[in-house]
Amino acid sequence: MDIQHLRYFLTVSRTLNYTKAAEELYISRQAVAQAVRQLETELQSPLLINRKNTLALTPLGKVFQKEASKVVRSFGQFEAAMLK
C-alpha cells in the first residue's frame, strides 16, 4: 500500500466526492479514483459504493478509514521527526 493512496482515500472518505477530493488534493479526479481502485484491488473488496450518484463507505471502507487515519497520522509524525 502506498501512503499517498491512503491520503487520497481519506480525503474521498471525508468528502464522499471524487471531484471535491481531487480539488482539495490539487490532482485530477481520475488520479484519485485510480488510487482508490488500486487500494480496492489490493484488498479484494470495495471501500466505496455509489448509491444514486452519492458515494458511501462500505462496512470495510469504514474500518479501513479508521485504520488508515491512524497510519497516516503516525507516518506524518515519523516524517516530522526525521526532518528535524
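Count residues from 1 along the sequence.
With Glu40 contributing its side chain and Leu47 its backbone, the two residues share a donor-acceptor pair below 3.5 Å. At distances below 3.5 Å, not a single donor-acceptor pair connects side-chain atoms of Ser74 with backbone N or O atoms of Lys70. No side-chain donor-acceptor contact under 3.5 Å links Thr11 to the backbone of Ala21. Although no hydrogens or angles enter the test, the distance criterion places no donor-acceptor pair under 3.5 Å between the side chain of Thr15 and the main chain of Lys20.
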For this session: Decide yes or no on salt bridge (charged side-chain N to carboxylate O under 4.0 Å, His left out) for Arg73 and Glu79, but give the supporting numbers first.
Result: CA-CA 10 Å; Arg73 186 172 34 258; Glu79 281 182 316; over 6 Å; no
For this session: Take Ile49 and Leu55 through the side-chain contact (heavy atoms from CB on, under 4.5 Å) test and state the conclusion after the steps.
Result: CA-CA 6 Å; Ile49 54 173; Leu55 283 180; over 6 Å; no
For this session: Tell me, with the steps shown, if Glu23 and Arg29 meet salt bridge (charged side-chain N to carboxylate O under 4.0 Å, His left out).
Result: CA-CA 8 Å; Glu23 289 171 359; Arg29 182 196 181 287; over 6 Å; no
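Hydrophobic clustering of Ile, Leu, Val, Met, Phe, Trp and Tyr side chains at less than 4.5 Å, counting indirect connections, unites Phe75 with Leu6.
Side-chain atoms of Ile3 and Val71, non-hydrogen and from C-beta on, do get closer than 4.5 Å to each other.
Between Ser13 and Leu10, the shortest heavy-atom contact is OG-O, 2.9 Å. Among all heavy-atom pairs drawn from Met1 and Glu42, the shortest one is CG-OE1, 3.2 Å. Closest non-hydrogen pair, Val12 versus Leu48, comes out as CG1-CD1, 3.6 Å. Listed here is the closest heavy atom pair of Val36 and Phe9: CG2-CA, 4.2 Å.
Annotation: the span from Arg7 atom CZ to Asp2 atom CG amounts to 9.0 Å, rounded to 0.5 Å. The line from OG of Ser45 to CG of Leu60 is 5.0 Å long, rounded to the nearest 0.5 Å. Atom OH of Tyr8 sits about 10.5 Å away from atom CD of Gln34, to the nearest 0.5 Å. To the nearest 0.5 angstrom, Ser69 atom OG is 10.0 Å from Arg14 atom CZ.
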